[in-house]
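Bear in mind the structure is a predicted one, so any value in this text is a computation, not a measurement. All residue numbers in this chain count up from 1 along the given sequence.
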Amino acid sequence: TTNRIFLSTMVKGSKDDLKIELWSARNEYESVQIAMRSDSTITVDKIDCTELKHVKTGEKIARKDFEVRLAKFVYVNHNTKRTPTSELDGIAPGWFPDPLEDVRMFKFSGTRSFLATWYVPPNKGPGEYSGTLTIKTATNVYRVPVVLHVWNFTLPSRPSLFVTNWLHINQIESQYKVKRGSPQFWAIIDKVAADMIDHRQNVIFTPLSLIKSTRLPSGSYAFDFKDYEKWVQIFMKKGFVAIEGSHLFHPGNSYDLYHH
């Protein structure tokens, strides 16, 4: 399911009902969201998965092609205006699950969810693969059967469709506590670009606020494109095919707005 799972979400079923069954093309990522609930605080020590083995040929999808990401919570002050209650994921103010963090050990009470994701390399044969997902807590070990059906076709590494999701610099600065233009900032941008291209995004929103403008005593302007060009170079080197410019007339495009 892609539904947001909140701390108060009640989970149906039991550990005895657990089974993961997925269908995937080659060169595709497939994920499943798993929710756990406890009225008391428990520690999840490890989440892991065996390699997935083809039931007929013995071919394997390696453990390195498996990843786990924990749904973390952010505080939302208010819901989107003029949105029917029936269309809201939850009621603000409150804590909403949103970012996904690469972590396999955590403590929780209430309900927490994580995404288990498998990548199917392009050279794998079609058919059924099976394995076991293991969730180890301080007091129990839960083993979940995994069945992955691989279809007999391969997704292209670079899609022909232009795909964009807007990335805002101020959100990067706020989330990772980095200063725009610093080495730490560019290291984060490099990782973000790599993650985006891995998940089929090929167009990057590029704000004009990366261009530093200076008004000269003569009344004319000088423009420094160094940060703008570095941004473009990072994403193009990762495999992006297009740069999406921001609005020409918008307060958010002002370099001075962010630095004075």
S.K.: Do the side chains of Val44 and Val103 join up, straight or via other hydrophobic residues, at under 4.5 Å, putting them in one cluster?
M.R.: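 Cluster IDs for Val44 and Val103 match.
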S.K.: For the NZ atom of Lys124 and the CG atom of Asp65, what is their distance to the nearest 0.5 Å?
M.R.: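 It is 7.5 Å, given to the nearest 0.5 Å.
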S.K.: Would you compute the distance between atom CG of Asp45 and atom CD1 of Ile135 and round it to the nearest 0.5 angstrom?
M.R.: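 It comes to 12.0 Å.
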S.K.: Looking at Lys72 and Asp98, does any basic side-chain N land under 4.0 Å from a carboxylate oxygen?
M.R.: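 Asp98 and Lys72: not salt-bridged.
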S.K.: Just verifying a value: how many Å separate Asn3 CG and Thr9 OG1, rounded to the nearest 0.5 Å?
M.R.: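 That separation rounds to 9.0 Å.
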S.K.: Got Lys136 and Asp48 here, is their nearest side-chain heavy-atom distance under 4.5 Å?
M.R.: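 Not in contact.
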S.K.: Which heavy atom of Arg37 sits nearest a heavy atom of Leu7, and at what distance?
M.R.: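 What the structure gives for the nearest pair is NH1-O, 3.3 Å.
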S.K.: Any side-chain heavy-atom pair from Glu67 and Asp102 closer than 4.5 angstrom?
M.R.: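 The answer is no; the side chains never approach within 4.5 Å.
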S.K.: Are Tyr129 and His149 an aromatic pair by the rule of ring centers under 6.0 Å?
M.R.: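 Between His149 and Tyr129, which both carry aromatic rings, the centre distance is not below 6.0 Å.
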S.K.: Just wondering, do Lys238 and Asp190 contact through their side chains at under 4.5 Å, heavy atoms?
M.R.: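 Side-chain contact under 4.5 Å: yes.
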S.K.: Heavy-atom distance under 4.5 Å between the side chains of Thr139 and Ile42, does that happen here?
M.R.: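 No, every pair of side-chain atoms sits at 4.5 Å or beyond.
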S.K.: Quick check: closest heavy atoms across Asn123 and Glu59, and the distance to 0.1 Å?
M.R.: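 Answer, listing the atom of Asn123 first, then Glu59: O-OE2, 3.6 Å.
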S.K.: Side chains of Arg63 and Thr50: is there a donor and an acceptor less than 3.5 Å apart?
M.R.: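 No donor-acceptor contact under 3.5 Å links the two side chains.
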S.K.: Spell out, yes or no, whether Leu133 and Met105 are grouped together once hydrophobic residues are joined by side-chain heavy atoms under 4.5 Å, including indirect joins.
M.R.: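 Leu133 does not cluster with Met105.
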S.K.: Do Asn152 and Arg26 pass the side-chain hydrogen bond (donor to acceptor under 3.5 Å, both in side chains) test, and can you show the C-alpha distance, the side-chain angles, and the key distance before you say yes or no?
M.R.: CA-CA 7 Å; Asn152 193 22; Arg26 293 186 290 250; 3.3 Å; yes
S.K.: For residues Asp198 and Tyr119, is any side-chain donor paired with an opposing acceptor at under 3.5 Å?
M.R.: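 Asp198 vs Tyr119: no donor-acceptor pair found between side chains.
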S.K.: Ring centroid separation for Phe205 and Trp166, is it under 6.0 angstrom?
M.R.: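 Between Phe205 and Trp166, the centre distance is under 6.0 Å.
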S.K.: If I compare all heavy atoms of Ser113 with all of Leu70, which pair ends up nearest, and what's the gap?
M.R.: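 The pair with the smallest heavy-atom distance is O-CD1, 3.5 Å.
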S.K.: Could you state the interatomic distance from CZ (Phe106) to CZ (Arg112), rounded to the nearest 0.5 Å?
M.R.: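 The CZ atom of Phe106 sits 6.5 Å away from the CZ atom of Arg112.
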S.K.: Let me confirm one number: the CD-CZ distance from Glu87 to Arg82, rounded to the nearest 0.5 Å.
M.R.: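 Reported to 0.5 Å precision, the distance equals 13.5 Å.
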S.K.: Do Ile172 and Trp186 share a hydrophobic cluster, counting only Ile, Leu, Val, Met, Phe, Trp and Tyr and linking them when any side-chain heavy atoms are less than 4.5 Å apart?
M.R.: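 Yes; Trp186 is reachable from Ile172 via cluster members.
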S.K.: Do Phe6 and Phe96 have their ring centres less than 6.0 Å from each other?
M.R.: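 Between Phe96 and Phe6, which both carry aromatic rings, the centre distance is below 6.0 Å.
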S.K.: Can you confirm whether Thr134 sits close enough to Cys49 that some side-chain heavy atom of one is under 4.5 Å from a side-chain heavy atom of the other?
M.R.: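 Not in contact.
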S.K.: If we count only N and O atoms by modelled type, under 3.5 Å, do the side chains of Ser24 and Trp118 hold a donor and an acceptor together?
M.R.: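 No pair is found: no donor N or O on one side chain lies under 3.5 Å from an acceptor on the other.
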S.K.: Counting C-beta onward and ignoring hydrogens, is there a side-chain heavy-atom pair between Ile189 and Phe235 closer than 4.5 Å?
M.R.: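 A side-chain contact under 4.5 Å exists here.
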S.K.: Charged N to carboxylate O below 4.0 Å: is that the case for Glu173 and Arg180?
M.R.: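 Yes, Glu173 and Arg180 are salt-bridged.
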